Amino acid sequence: MAVTKMFGAAVKRREDPRLITGRGNFTDHIRLPGTLVMAIKRSPHAHARIVRIDTSKARAMRGVVAVYTGQDLVDKLAPVPCAWLIPASDLKVPPYRAVAVDKVRYVGDAVAVVVATDRYIAQDAVDAIEVEYEPLPAVVDQEKALEPGAPQLYDEVPNNLAFHWKLHSGDFDAAWDAAEVRISRRLVNHRLIPTAMEPRGALAAYNPGTGELTIWCTSQNPHVHRLLLSAVTGLPETHIRVIATDVGGGFGSKIPMYAGEMIAAAISKDLGRPIKWIETRQENYVATIHGRDHIQYVDIAARRDGTITGVRVRAYASMGAYLSTAAPGVPTWLFGLMLQGPYAIPVVHCDVYGVLTNTTPTDAYRGAGRPEATYLLERMIDLLARELGMDPAEIRRKNFIPKHQFPYTTPTGLQYDSGDYEATLNRALELVDYQNLRREQEELRKQGRYIGIGFSTYVEVCGLAPSQAAGAMGFQGGLWESATVRVHPTGKVTVFTGSNPHGQGEETTFAQLVADELGVPFEDVEIVHGDTEMVPFGMGTYGSRSTAVGGAALVHACRKVKEKAQRIAAHLLEVSPDDLVFENGRFFVKGAPDRGMTFQEVALQAYLAWKLPRDIEPGLEATHFFDPVNNTFPFGCHICVVEVDPETGKVQFRQYVAVDDVGNVINPMIVDGQVHGGITQGLAQAVYEFAAYDENGQLLTGSLMDYAVPKASMLPSFTVDRTVTPTPVNPMGVKGAGETGTIASTPAVVNAVIDALAPFGIDHIDMPLTPERIWRAIRERSR
């Protein structure tokens with residue numbers, strides 16, 4: 001293939017043939033001699049004391065090698081760590097034992113572990129373990145958990161309040177008193193269950209001879225997992241190798257450190273044999289983190305012309321039974337900082353109460369905090385528009401931060417990098433043919449048909465950075481990324497990236513970047529990731545940071561390589577480096593294009609080292625650690641059109657238009673795919689998915705039979721388009737696209753359904769907007 005411009009080319013994903021033909025290398029595919037299989041006995045109670053555990057029958061079963069209780073592992077494993085210690089919040093982190101010792105706190109809490117020769121024996125042995133519980137009252141609602149007399153999960157966390165976090169900017173009371181219009185509302189952003197293709201799993205292999213542990217696991221951030229594994233097992237970090245190549249998707253659920261991986265590592269060390277643990281789908285639903293779960297009280301102050309003068313939020317976030325790895329940061333910094341959205345709101349107040357409940361722990365789920373903030377704001381703006389009798393598009397336009405004010409510093413301290421919010425709104429209105437659509441809506445209403453048009457104009461924070469900001473927010477890690485670019489003597493290139501893509505397509509887009517930077521064929525670039533032994537270091541993939549941060553590290557490393565190659569070429573051509581031009585993979589002398597060398601010829605000379613200058617080392621390789629000066633802020637406008645059947649409450653999708661601005665685009669096909677997937681996840685929350693508990697803490701939606709992950713036939717066809725406003729934060733001008741669809745789509749869908757129901761006097765229904773909920777709302781209004 002001839003070298004051409006790859007940045008912006010719709011190149012097919014090179015990872016897809018492997019992934020869609022069953023040739024991926026997932027954790028459960030790894031086979032090691034002598035491997036034992038681990039299974040976990042889990043609590044059926046949401047809250048109970050462990051009175052007695054009898055493991056004798058399990059231990060006596062043929063094929064069972066060992067059985068561990070929580071007490072057996074106390075000295076072998078430190079508690080599961082929480083790594084986001086938000087400051088100025090009176091944060092209390094209760095101990096989170098990998099296997100419960102005296103008390104269980106949610107259905108699915110681990111109480112014992114069996115190790116056997118195969119998974120069926122292990123599961124039979126788990127069923128043979130007898131546990132006597134003393135059931136305790138449970139609490140699953142975060143508001144009720146704070147009430148006097150509520151069941152207490154921990155003695156050291158009074159009233160189940162893990163933290164109270166405040167972010168106040170400006171005088172909201174003054175804005176409220178001066179407001180001509182005041183809107184208040186209680187909103188519920190319900191709990192969701194991430195559903196990755198591959199559940200979590202681990203294969204831990206401890207070598208007693210060397211004292212080294214190798215663990216294959218489903219991680220989005222292998223180096224961070226290595227650090228945390230060192231902390232909980234006591235093994236030196238240098239003796240741990242974490243491998244996570246194909247992990248079957250994550251959506252944030254594979255960021256945290258979990259009990260399963262920790263237990264497998266500790267038992268492998270204890271027995272000196274490889275230990276495999278693969279989660280079942282039902283375990284996945286009760287023991288892998290959940291997302292969202294906010295109860296929000298929102299006040300909006302405004303003038304009668306539609307100008308918003310202040311927003312105040314009091315949010316109750318259910319943290320579940322324990323504080324998971326990044327959990328405290330999600331409903332605080334990632335939520336509170338984005339409550340202004342794309343609007344010039346001068347006053348923002350936010351109080352968040354992080355509450356422990358007898359439910360599965362919550363943590364980062366696609367978008368993590370930003371969908372909760374966007375949903376809240378976009379719903380309130382529609383309520384305000386209805387109160388004022390304004391068009392929902394025009395009230396948004398009126399409050400947008402103007403294009404000329406970028407970079408724009410928000411009252412809460414973020415600096416939005418670049419933006420042109422009105423351009424995305426205008427383009428979306430054009431694509432949906434808005435004025436004709438409104439006329440059609442009026443005509444259909446006369447016929448007893450109800451279509452609705454829903455807006456969501458959003459801005460999100462991604463490419464999370466810089467590390468100093470992370471430290472100030474209490475995040476116990478950096479937010480830089482590393483890349484090593486190694487050019488081989490033939491001119492082929494291997495890239496070692498600390499980003500750890502798990503479905504996003506960076507094996508393709510990163511190769512496109514390298515091909516352009518070094519002028520080598522796309523096919524000559526290999527991307528290596530997901531192995532702490534091969535990649536020097538990295539912070540992993542989450543928050544749409546892989547390209548904006550990891551890709552930038554890669555570009556900088558390429559430029560270091562190119563600079564060295566240019567010096568070598570200049571020496572061999574006997575000219576100054578400044579006299580050389582680099583085009584299409586070739587160095588040549590300015591004004592004398594026939595006098596030059598290809599990049600591959602220079603690479604060979606770099607390794608032969610026969611004629612190098614004395615001040616240049618042999619070889620052609622560079623490493624760069626990139627720590628951006630700021631986050632990036634993608635934005636856009638989504639418009640959803642639905643029709644609601646008033647007799648059944650069923651929602652029929654008619655049209656969905658998404659205009660996003662993610663900065664420059666490396667591969668439009670991959671960005672379109674990311675947006676499609678994101679819209680699907682957000683739309684699913686609006687009308688289908690719901691993690692439901694009964695009042696005793698039993699998960700009622702604990703399988704794919706009960707939890708409504710949408711099928712393709714349940715989705716509309718998406719119209720996607722883009723505007724391009726590059727960010728100045730990184731050398732490529734890219735912002736990040738992985739979460740835009742999820743963040744934008746949920747409010748667009750809900751606003752559309754509520755707009756359709758306006759003739760019935762309905763101005764809000766909490767999600768998910770199931771036919772039953774809509775039908776009941778219509779019937780109540782019709783009485």
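Just so you know, these numbers come straight off a predicted model, no measurement behind them.
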- Task: Tell me yes or no: between the side chains of T195 and Y285, is some donor less than 3.5 Å from an acceptor?
- Result: yes

- Flag side-chain contact, heavy atom, 4.5 Å: N221 against Y542: yes

- Should the pair F251 and Y365 be assigned to parallel (<30°), tilted (30 to 60°) or perpendicular (>60°) ring geometry? perpendicular

- Charged tip of R200 within 45° of Y258 ring normal and under 6.0 Å: yes

- Taking atom CD1 of I86 and atom CZ of F163, what is their separation to the nearest 0.5 Å? 4.5 Å

- List the atom of P274, the atom of L203, and the distance in Å for their closest heavy-atom pair. CB-CD1, 4.2 Å

- Rounded to the nearest 0.5 Å, what's the gap from NE2 on H225 to SG on C217? Could you check? 5.0 Å

- Query: Measuring from H529:NE2 to F496:CZ, what's the distance to the nearest 0.5 Å?
  - Reply: 12.5 Å

- Note on the structure: Heavy-atom closest pair (A557 atom, A622 atom, distance to 0.1 Å) is O-CB, 3.6 Å

- Message: Can you tell me how the ring of Y106 sits relative to the ring of Y322, calling it parallel under 30°, perpendicular over 60° and tilted otherwise?
- Response: perpendicular

- Message: To check you understand the geometry: which heavy-atom pair defines the closest contact between M197 and R281, and what is its length?
- Response: O-NH2, 3.2 Å

- Query: When you measure from the side chain of D627 to the backbone N and O of S467, does any donor-acceptor pair fall under 3.5 Å?
  - Reply: yes

- Query: If you measure only the distance, is there a donor-acceptor pair under 3.5 Å linking the side chains of H502 and Q504?
  - Reply: yes

- Message: I'd like to know if the side chain of D363 reaches the main chain of I289, judged simply by a donor and an acceptor atom lying under 3.5 Å from each other, with no hydrogens or angles considered.
- Response: no

- Query: When you check the side-chain N and O atoms of E526 and T494, is any donor under 3.5 Å from an acceptor?
  - Reply: yes

- Message: Closer than 3.5 angstrom, by distance alone: can the side chain of S324 be matched with the main-chain N or O of T362 as a donor-acceptor pair?
- Response: no

- Would you give the length of the straight line joining atom CG of N284 to atom CD of E279, rounded to the nearest 0.5 angstrom? 4.5 Å

- Message: Looking at M257, is its backbone amide N or carbonyl O close enough to the side chain of T325 to form a donor-acceptor pair, meaning the two atoms are under 3.5 Å apart?
- Response: yes

- Is the backbone of A204 close enough, under 3.5 Å, to the side chain of S268 for a donor and an acceptor to pair up by distance? yes

- Query: Going through the distances and angles, do E507 and R14 end up as a salt bridge (Lys or Arg N to Asp or Glu O under 4.0 Å)?
  - Reply: CA-CA 7 Å; E507 292 178 27; R14 56 167 53 178; over 6 Å; no

- Message: Working to the nearest 0.5 angstrom, can you tell me the gap between R105 CZ and Y96 OH?
- Response: 11.5 Å

- Message: With a 6.0 Å cut-off (strictly less than), is the heavy-atom count around CD of E621, excluding the residue itself, greater than 12?
- Response: yes

- Message: So for atom CD, which belongs to E237, do other residues, nucleotides or ligands contribute more than 12 heavy atoms lying within a distance under 6.0 Å?
- Response: yes

- Could you tell me whether the side chains of T360 and Y693 share a donor-acceptor contact shorter than 3.5 Å? yes

- Task: Go through the side-chain N and O atoms of T541 and S546 and say whether any donor and acceptor fall under 3.5 Å apart.
- Result: yes

- Item | Contact check, side chains of S318 and R191, non-hydrogen atoms, under 4.5 Å | yes

- Item | Salt-bridge present (D109, R42; N to O < 4.0 Å) | no

- Taking the six-membered ring for Trp and the single ring otherwise, decide whether the centroids of W84 and F475 are under 6.0 Å apart. yes

- Task: Would you sort out whether R366 and E739 count as a salt bridge (Lys or Arg N to Asp or Glu O under 4.0 Å), showing the intermediate values?
- Result: CA-CA 6 Å; R366 198 169 187 177; E739 295 161 311; over 6 Å; no

- Message: Testing the basics here: between F510 and G550, what is the closest heavy-atom pair and its distance to 0.1 Å?
- Response: CZ-C, 4.1 Å

- Query: Going through the checks in order, is the side-chain hydrogen bond (donor to acceptor under 3.5 Å, both in side chains) test met by Q685 and N189?
  - Reply: CA-CA 9 Å; Q685 176 176 13; N189 202 307; 2.6 Å; yes

- Item | Point-to-point distance, once rounded to the nearest 0.5 Å, from CG of D706 to CG of L699 | 8.5 Å

- Query: Does V80 offer a backbone N or O that forms a donor-acceptor pair with the side chain of R97 under 3.5 Å?
  - Reply: no

- Query: Can you tell if the side chain of L229 reaches within under 4.5 Å of the side chain of I215, non-hydrogen atoms only?
  - Reply: yes

- Task: Indicate yes or no for a side-chain donor-acceptor contact from E372 to the backbone of F335 under 3.5 Å, with no hydrogens or angles considered.
- Result: no

- Query: Is it true that atom NZ of K92 has more than 12 heavy atoms of other residues, nucleotides or ligands lying nearer than 6.0 Å?
  - Reply: yes

- Task: Over all heavy atoms of both residues, which pair between G736 and C462 is shortest? Give the atoms and the distance, please.
- Result: CA-SG, 4.0 Å

- Mind listing the closest non-hydrogen atom pair of A231 and A78 along with its distance? O-CB, 4.0 Å

- Message: Between D28 and R119 (salt bridge meaning N to carboxylate O under 4.0 Å), is one present in this structure?
- Response: yes

- Task: Would you indicate whether the side-chain heavy atoms of T69 and V111 approach each other to under 4.5 Å?
- Result: no

- Message: Evaluate N207 against T214 for side-chain contact (heavy atoms from CB on, under 4.5 Å), listing each step before the verdict.
- Response: CA-CA 8 Å; N207 185 331; T214 300; over 6 Å; no

- Should the ring pair H190 and F690 be called parallel, tilted or perpendicular, given that the plane angle runs from 0 to 90° and is split at 30 and 60? perpendicular

- Would you say the side chain of P710 lies within less than 4.5 Å of the side chain of T680, judging by non-hydrogen atoms? yes

- Item | Any donor-acceptor pair under 3.5 Å from R292 side chain to A317 backbone | no

- Query: Do the side chains of V514 and F522 get nearer than 4.5 Å, heavy atoms only?
  - Reply: no

- Would you indicate whether the side-chain heavy atoms of L85 and L91 approach each other to under 4.5 Å? yes

- With side-chain hydrogen bond (donor to acceptor under 3.5 Å, both in side chains) as the test, would you mind laying out the steps for Y206 and D270 before giving the verdict? CA-CA 9 Å; Y206 179 77; D270 196 49; over 6 Å; no

- Query: For G201, does its backbone N or O pair with a side-chain atom of K276 as donor and acceptor, under 3.5 Å?
  - Reply: no

